[in-house]
Amino acid sequence: MIISSSKPFNEILEMLMDKDAVYIIGCSVCAAKQHVGGEPEVAEMSSLLSDAGVNVIGGVVAKAACSVRSCEYLMELAPNIKDATAVLVMACGSGTSNIARFVDVDVYPANNTESLGAMTGDKVIHHLCAMCGQCTIADFGGICPTAQCPKELLNGPCGGSMDGKCEVDPEKDCAWELIYERLERIGRLDLLDEVRDAKDRLVK
Ligand code: SF4
Ligand code: SF4
């Protein structure tokens, strides 16, 4: 799941203030699940913008903003989008970028895209994968140090953690403590014997 959060409303308003006709597109997948782009949020955004004096000419929730495949599909989904002078997309950056391929007006993001994560119940889990293109997560018991250790260390901890928390971001658990505990639990501490080369992020 792509993890996104809503931009502050004032920031969105500032982007759209001088636009004549704004169309809003949400996304029924990740954004809807996180309550930043489903039906209720599109309706609320439409009403807030209208109350603030922005001319909103319509709103719709795409099945998946990142999977809209053609201009024809978009026009069928949102016929009066043809009259829009700006489109506000309540999805992730990928969905916003994809929608921009099909409309020849300004396209604005309502959300900030943060990471590749997950959701359990209503709990959002950030930074589970950094999309490095060379997945070696099995070497670490399923906990990715490239995504979860700010120093992206592949061969053990930096030694700076305090009480299990990361020295770079004390809000977060030290990824390497989690990796060690996990490997111990599943009886795979032997995986730590191997020295791992740094990843070349340019190689895909
Ligand atoms: S190694 Fe980590 S960052 Fe790379 S693809 Fe696997 S989970 Fe994602
Ligand atoms: S404290 Fe842990 S998670 Fe933080 S940078 Fe060091 S090894 Fe990585």
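The model shown is predicted, which means the values in this text are computed figures rather than measured ones. All ligand and atom numbering here is 1-based and tracks the order in the structure. The figures here come from the full heavy-atom set of this structure, side chains too, leaving out hydrogens, waters and symmetry mates.
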Review point. Are any non-hydrogen side-chain atoms of Leu116 and Ile2 less than 4.5 angstrom apart?
Key: yes
Review point. Does a side-chain heavy-atom distance below 4.5 Å link Val36 with Ser6?
Key: yes
For a quick test of reading the model, state the closest non-hydrogen atom pair linking [X] to [Y] and the distance between them.
X: Gly95; Y: Ala91; answer: CA-CB, 4.4 Å
X: Leu178; Y: Ile143; answer: O-CD1, 3.6 Å
X: Lys19; Y: Met15; answer: CE-O, 4.0 Å
X: Ala84; Y: Val105; answer: O-CG1, 3.3 Å

Point to revise | Protein N, O or S atoms lying under 2.8 Å from atom 8 (Fe) of ligand 1, listed by chain and number | key: Cys129 SG
Practice item. Could you tell me which atoms of ligand 1, counted from 1 in the order shown, lie closer than 4.0 angstrom to a heavy atom of Thr136? Key: 1 (S)
Under 3.5 Å donor-acceptor pairs involving side-chain atoms of residues 51-78, not counting sequence neighbours:
residue: Asn55; atom: ND2; partner: Asp20; partner atom: O; Å: 2.9
residue: Ser70; atom: OG; partner: Tyr73; partner atom: N; Å: 3.0

Point to revise | Distance from atom 1 (S) of ligand 1 to nearest protein heavy atom, with residue and atom | key: Lys199 NZ, 3.1 Å
Check your understanding: Is the backbone N or O of Leu153 less than 3.5 Å from a side-chain atom of Trp176, with the two atoms forming a donor-acceptor pair by type?
Key -> yes
May I have the list of side-chain donor-acceptor pairs in residues 164-174 shorter than 3.5 Å, sequence neighbours left out?
residue: Lys165; atom: NZ; partner: Asp173; partner atom: OD1; Å: 2.7
residue: Glu167; atom: OE2; partner: Lys151; partner atom: NZ; Å: 2.4
residue: Asp169; atom: OD1; partner: Glu171; partner atom: N; Å: 3.1
residue: Lys172; atom: NZ; partner: Gln148; partner atom: O; Å: 3.4

Study note, to complete from the structure: So the protein N/O/S atoms within less than 2.8 Å of atom 4 (Fe) of ligand 2 come down to Cys166 SG
Review point. Can the positive tip of Arg188 be found less than 6.0 Å from the middle of the six-membered ring of Phe140, inside 45° of the ring normal?
Key: no
